[in-house]
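Below is one structure, written out as structure tokens; the observations come after it.
This chain uses plain numbering: 1 for the first residue, then up along the sequence. What you see is a predicted model; the values in this text were computed from it and never measured.
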Amino acid sequence: SSSGRCQPPRATIQPFHQRWTAMFACCCGDDRPEPSSMVESIAASSEKPQCGPASTQPTANGRNATTFTARLARLSLEHSLGARLEAFGPGHSVFVLAVSPERNTAFGQYNASADDSQKVRAGDYIVAINGKGTLTEMRELLTTCCTLDITVKRAQVFQVIVQKQGRPLGMAIKCSPSSTALSVQSVDDAGTLASVAGTKPIMGDRIVAVNGIAGKADLLLEELMARDKLEITVSRC
């Protein structure tokens, strides 16, 4: 149909564990299994619901490279999106962890024909899908729709230098073992970070590198815990 919505059977999102650390008073605390917010791959039953004509092509529009809209198209839910997406709060955006270059995926096909300024890439934020902007709505659309008009926003990236001097940072984070970033859940006004001059992390930001280390959330967390002097690279939607 023109709406791009596939009918049941519905796709599923793979589960993962979320890990918490409270104000860095200790290392990662208890593992808490929760419903998944990580879209790593889309799987459906053996039935193949069709969504629109096979000739549907990916398109993009946008006035600049900061925010743009991309149309992703796949023939059925069995066709891979070709991206790893992190969709948990706080905030109302989906964080792009990785994008496949394979042209037989929805993201790969779109990127192959898009201008460089409008290619979707790791570190971007998806702020709306088919006009819907809440995490619940976007997760639903990712698993039930074959045509997706995604509004993409480039990240604002900045660095914060802080000396802990034996004190807690005063920041609660959330992460998963397969993530590439740490999600900032809250910042304590009485913590070390609060006393840093200039721009500092706030709730909803993501830490993407610490002291030049990047790529795995667990490594970022270890570096935050182990070092007194920290150069933290922060991503903001």
Side-chain angles (χ1 to χ4, degrees), residues 2-6 11 13-14 36-44 48-88 91-133 135 137-157 176 178-181 183 206 208-209 214-217 233 235-237:
S2 60
S3 67
R5 180 173 291 275
C6 290
I13 304 178
Q14 295 179 348
S36 172
S37 299
M38 179 86 70
V39 181
E40 295 204 38
S41 63
I42 302 296
K48 299 181 179 180
Q50 298 298 309
C51 298
S55 60
T56 299
Q57 295 295 318
T59 60
N61 63 78
R63 294 185 177 179
N64 52 57
T66 302
T67 303
F68 60 93
T69 300
R71 171 163 290 184
L72 308 180
R74 50 184 173 168
L75 296 180
S76 78
L77 293 178
E78 287 189 334
H79 287 79
S80 174
L81 281 173
R84 290 175 54 227
L85 309 172
E86 194 169 74
F88 55 71
H92 301 284
S93 59
V94 176
F95 187 62
V96 180
L97 296 171
V99 179
S100 171
E102 297 297 327
R103 297 191 63 167
N104 61 346
T105 68
F107 276 92
Q109 183 186 17
Y110 164 77
N111 276 347
S113 62
D115 292 337
D116 287 344
S117 65
Q118 294 189 343
K119 293 183 188 293
V120 183
R121 56 198 187 206
D124 286 344
Y125 291 88
I126 298 173
V127 296
I129 300 177
N130 294 357
K132 306 296 184 181
L135 287 177
E137 290 170 328
M138 287 191 285
R139 282 195 292 260
E140 174 78 9
L141 290 167
L142 283 168
T143 57
T144 60
C145 284
C146 292
T147 301
L148 302 168
D149 288 327
I150 63 171
T151 303
V152 180
K153 185 176 180 181
R154 300 292 193 215
Q156 304 174 55
V157 179
S176 73
S178 58
S179 183
T180 60
S183 175
R206 279 179 165 80
V208 294
K216 292 186 66 176
T233 303
S235 168
R236 178 172 297 171
C237 181

For residues [X] and [Y], determine if any side-chain heavy atom of one lies less than 4.5 Å from a side-chain heavy atom of the other.
{"X": "Phe95", "Y": "Val208", "result": "yes"}
{"X": "Leu148", "Y": "Leu81", "result": "yes"}
{"X": "Cys146", "Y": "Leu75", "result": "no"}
{"X": "Leu85", "Y": "Leu97", "result": "no"}
{"X": "Phe68", "Y": "Val120", "result": "yes"}

I'd like to know if the side chain of [X] reaches the main chain of [Y], judged simply by a donor and an acceptor atom lying under 3.5 Å from each other, with no hydrogens or angles considered.
{"X": "Arg103", "Y": "Ala112", "result": "no"}
{"X": "Asn111", "Y": "Gly108", "result": "no"}
{"X": "Thr105", "Y": "Pro101", "result": "no"}
{"X": "Lys153", "Y": "Tyr125", "result": "no"}

Would you compute the distance between atom [atom1] of [X] and atom [atom2] of [Y] and round it to the nearest 0.5 angstrom?
{"X": "Leu135", "Y": "Ile126", "atom1": "CG", "atom2": "CD1", "answer": "11.0 Å"}
{"X": "Ser178", "Y": "Lys216", "atom1": "OG", "atom2": "NZ", "answer": "10.0 Å"}
{"X": "Ser176", "Y": "Glu86", "atom1": "OG", "atom2": "CD", "answer": "5.0 Å"}
{"X": "Ile129", "Y": "Leu142", "atom1": "CD1", "atom2": "CG", "answer": "4.0 Å"}
{"X": "Arg84", "Y": "Ser179", "atom1": "CZ", "atom2": "OG", "answer": "7.0 Å"}
{"X": "Gln118", "Y": "Ser113", "atom1": "CD", "atom2": "OG", "answer": "10.5 Å"}

Could you report the tightest heavy-atom contact between [X] and [Y], atom names first, then the distance?
{"X": "Ala181", "Y": "Ala217", "result": "O-CB, 3.6 Å"}
{"X": "Ala214", "Y": "Ala209", "result": "CB-CB, 4.0 Å"}
{"X": "Ala73", "Y": "Ala106", "result": "O-CB, 4.0 Å"}
{"X": "Met138", "Y": "Val94", "result": "CE-CG2, 4.0 Å"}
{"X": "Cys237", "Y": "Val127", "result": "SG-CG1, 3.6 Å"}
{"X": "Ser183", "Y": "Phe88", "result": "CB-CE1, 3.5 Å"}

- Under the side chain to side chain donor-acceptor pair (under 3.5 Å) test, residues paired with Thr180 that sit two or more places apart: none
- Could I get the full list of side chain to side chain donor-acceptor pair (under 3.5 Å) partners for Glu102, not counting sequence neighbours? none
- Task: For Ala128, check side-chain contact (heavy atoms from CB on, under 4.5 Å) against everything at least two apart and list the hits.
- Result: Thr151
- Item | Cation over ring face, Arg74 and Tyr110, 6.0 Å, 45° | no
- Note on the structure: In Asp149, Thr147, Asn130, the residue satisfying side-chain hydrogen bond (donor to acceptor under 3.5 Å, both in side chains) with Arg71 is Asp149
- Lys132 and Glu140 ion-paired at < 4.0 Å: no
